[in-house]
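Here the structure is laid out as structure tokens; the discussion comes afterwards.
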There are 2 protein chains.
Amino acid sequence: MAITSTEEVTDVLREHIMSGHIRPGQKLQQIPLSEALGVSRTPLRTALANLANEGLLQYESNRGYTVREFSLEDVSAAYVARSVLEGQAAAITARTGLPAQRIETLESWLETGDRLLAKASLDPRDIDPYRDMNVRFHDALLDAAANRWISDFVRQTQNIPFASNRLIIWLDHDIMVRSHDDHHRVLRAIAARDATRAEAIMREHVQFAGEYLCECVKRGDLPAGIGHSPAGSDTIVSAGETSALTRVRAEKQKPREQA
Amino acid sequence: MAITSTEEVTDVLREHIMSGHIRPGQKLQQIPLSEALGVSRTPLRTALANLANEGLLQYESNRGYTVREFSLEDVSAAYVARSVLEGQAAAITARTGLPAQRIETLESWLETGDRLLAKASLDPRDIDPYRDMNVRFHDALLDAAANRWISDFVRQTQNIPFASNRLIIWLDHDIMVRSHDDHHRVLRAIAARDATRAEAIMREHVQFAGEYLCECVKRGDLPAGIGHSPAGSDTIVSAGETSALTRVRAEKQKPREQA
DNA sequence: CGCAACAAAAATGTATCCAATTATTGGCCC
DNA sequence: GGGCCAATAATTGGATACATTTTTGTTGCG
């Protein structure tokens with residue numbers, strides 16, 4: 001319960017930006033925003049500075065903060081960077097080796113994915129469990145590499161509205177099956193201590209995901225496009241739930257009389 | 001002249017941390033610091049938040065900011081991450097291709113390095129020019145790759161006191177010559193549009209630099225060690241000049257009566 | 001003599017107020 | 001009629017005052 005207002009505001013705003021509730025290019029004015037959130041300008045300003053440092057907002061001296069706009073090239077470039085980073089993480093993990101027990105756990109996660117994809121076509125209800133499995137798997141490999149920089153950088157590449165690791169394009173069954181097969185192969189390469197192979201597969205896995213995403217956006221196959229999507233269309237893409245712009249601090253509850 | 005106090009304070013503090021004037025592990029108390037810098041706590045807090053996001057400071061709720069301590073493993077891990085990133089940048093540049101004129105410019109920079117290393121032994125006075133050349137060369141390749149994420153991440157790996165791109169270990173002549181030869185080979189590979197080779201050389205170039213740095217620190221060959229070095233010992237390592245903890249805003253000059 | 005609890009002091013977090021910079025609008029001149 | 005300059009309004013940045021939390025030191029009791 002030792003959460004500060006600043007952190008709360010930061011998280012809430014990040015959610016709103018990532019979910020597309022607050023649109024790219026939009027100017028964030030301090031007074032209206034602080035009133036809408038129910039906090040003073042001080043924690044809000046700190047939160048805005050934090051988000052600007054995270055790359056979600058753009059800041060200009062004396063001109064305030066605007067929600068950053070990401071071009072398709074930006075998204076593509078993010079996946080390129082992420083592919084080499086996750087590739088290196090896989091290579092490190094393969095070289096270091098993973099305890100047999102840990103490999104079994106990861107395999108069991110992948111088997112969850114196998115079951116979700118075993119059907120002849122894609123069931124929209126399966127997208128959330130699959131996404132969770134995907135996030136867990138990728139995060140586990142990053143953790144295993146034990147390189148704080150790589151983990152941080154990968155997280156930063158996911159600070160793009162509608163291009164995070166929580167995004168699954170649940171359109172083409174064959175592509176999903178192939179992508180999931182990559183997971184199996186990476187894990188097998190790691191188990192075999194084959195760093196070169198693990199790196200190559202992981203690189204291709206991530207880079208293809210990026211190219212596929214950009215292609216889908218270009219073709220208009222995604223319901224609303226990157227960063228412009230209102231919430232609620234998660235039958236094809238899923239990026240988690242969204243919430244209204246609610247007050248962070250409802251009231252000054254309990255003035256706390258100590259005994 | 002439209003610089004804000006926040007930016008000024010941020011830059012000043014970053015310099016002090018990077019130069020080792022403010023030591024790793026040290027607690028940064030807001031009131032004393034703001035008084036020492038001659039500003040109020042508001043811009044200082046923003047600056048501290050910025051530096052924490054950059055990774056130079058560590059923040060804990062209600063417990064303030066401390067200068068982050070980097071272990072040798074952290075430094076090593078940073079170089080590993082940086083090696084794949086710069087490797088990928090070199091590969092992209094090689095694939096994209098570089099105008100002949102640009103290649104000539106880069107070559108002329110490298111020739112500057114050639115001349116500095118042509119002597120039989122290392123002259124301490126040559127370290128600064130060489131460092132500048134090195135920074136320019138690496139930055140140019142990053143720019144050429146035109147991937148904002150990669151550039152940003154590389155810059156972040158250099159946010160480590162005494163492990164930035166401005167650090168040159170001016171100890172062993174043979175190692176310097178070999179390292180500089182890597183530069184030539186990378187550029188040649190890029191000119192030949194050989195992405196695989198450019199990537200491999202650049203990776204090795206950066207990774208070795210990291211390993212060499214860590215070895216030197218372990219062996220105690222560096223005058224003061226990572227992050228513990230007081231300023232002034234730049235005969236062997238050079239990280240730029242340092243300055244005293246001076247007031248950012250000397251006084252409230254000219255109350256400015258407008259006509 | 002040691003541990004625990006309470007109190008005091010200091011530091012962080014928040015809010016409000018003031019100053020400085022920027023953008024917008026209206027008027028004036030070309 | 002259009003463009004430029006000036007003035008005003010709005011927004012951001014900085015300072016100070018206040019409340020809350022944490023930490024440390026001291027005292028009392030076991």
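Naming: A, B, ... by sequence-line order, numbering from 1 per chain.
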Mind calculating the distance between CG (L48(A)) and P (dT11(D)) to the nearest angstrom? 15 Å

Using the six-membered ring wherever Trp is involved, compare the ring planes of H21(B) and H16(B) and label them parallel, tilted or perpendicular (cut-offs 30° and 60°). parallel

Identify which nucleotide among dG13(D), dT12(C), dT16(D) has an atom closest to any side-chain atom of Q29(B), counting heavy atoms from C-beta outward. dT12(C)

Could you check how far CG of N50(A) sits from P of dG13(C), rounded to whole Å? 11 Å

Which whole-number value in Å describes the distance from L44(A) CG to dG13(C) P? 16 Å

Nearest heavy-atom pair of I92(A) and A145(A): which atoms, and what distance? CG2-O, 3.7 Å

Please state how far atom CD in E35(A) lies from atom C1' in dA10(D), giving the value in whole angstrom units. 14 Å

Candidate nucleotides dT12(C), dG14(D), dT14(C), ranked by approach to the side chain of I31(B) - the nearest: dT12(C)

Tell me: CD of E60(A) to C1' of dG13(D), nearest whole Å? 15 Å

Report yes if at least one side-chain N or O of Q30(A) is closer than 4.0 Å to OP1 or OP2 of dA10(D); otherwise report no. no

Taking the nucleotide of DNA chain C with the closest heavy atom to each, which residue, L28(B) or K27(A), is nearer the 5' end? L28(B)

State yes or no: are the ring centers of F153(A) and W149(B) separated by less than 6.0 Å? no

With the threshold set at 4.0 Å, does a side-chain nitrogen-carboxylate oxygen contact exist between D139(A) and R136(A)? no

Given dT16(C), dG13(C), dA15(D), which nucleotide is nearest the side-chain atoms of S40(A)? dT16(C)

Mind checking R63(A) for me? I need base, sugar-phosphate or nothing, with any heavy atom below 4.0 Å counting as a touch. sugar-phosphate

Side chain R41(B) and base dG13(C) donor-acceptor under 3.5 Å: yes

For T6(B), report the nucleic acid contact type (base, sugar-phosphate, nothing); a contact means any heavy atom under 4.0 Å. sugar-phosphate

Y59(A) OH to dT22(C) C1', straight-line distance once rounded to whole Å: 12 Å

Classify the nucleic acid contact of Y65(B) as base, sugar-phosphate or nothing, counting any heavy atom under 4.0 Å across all strands shown. nothing

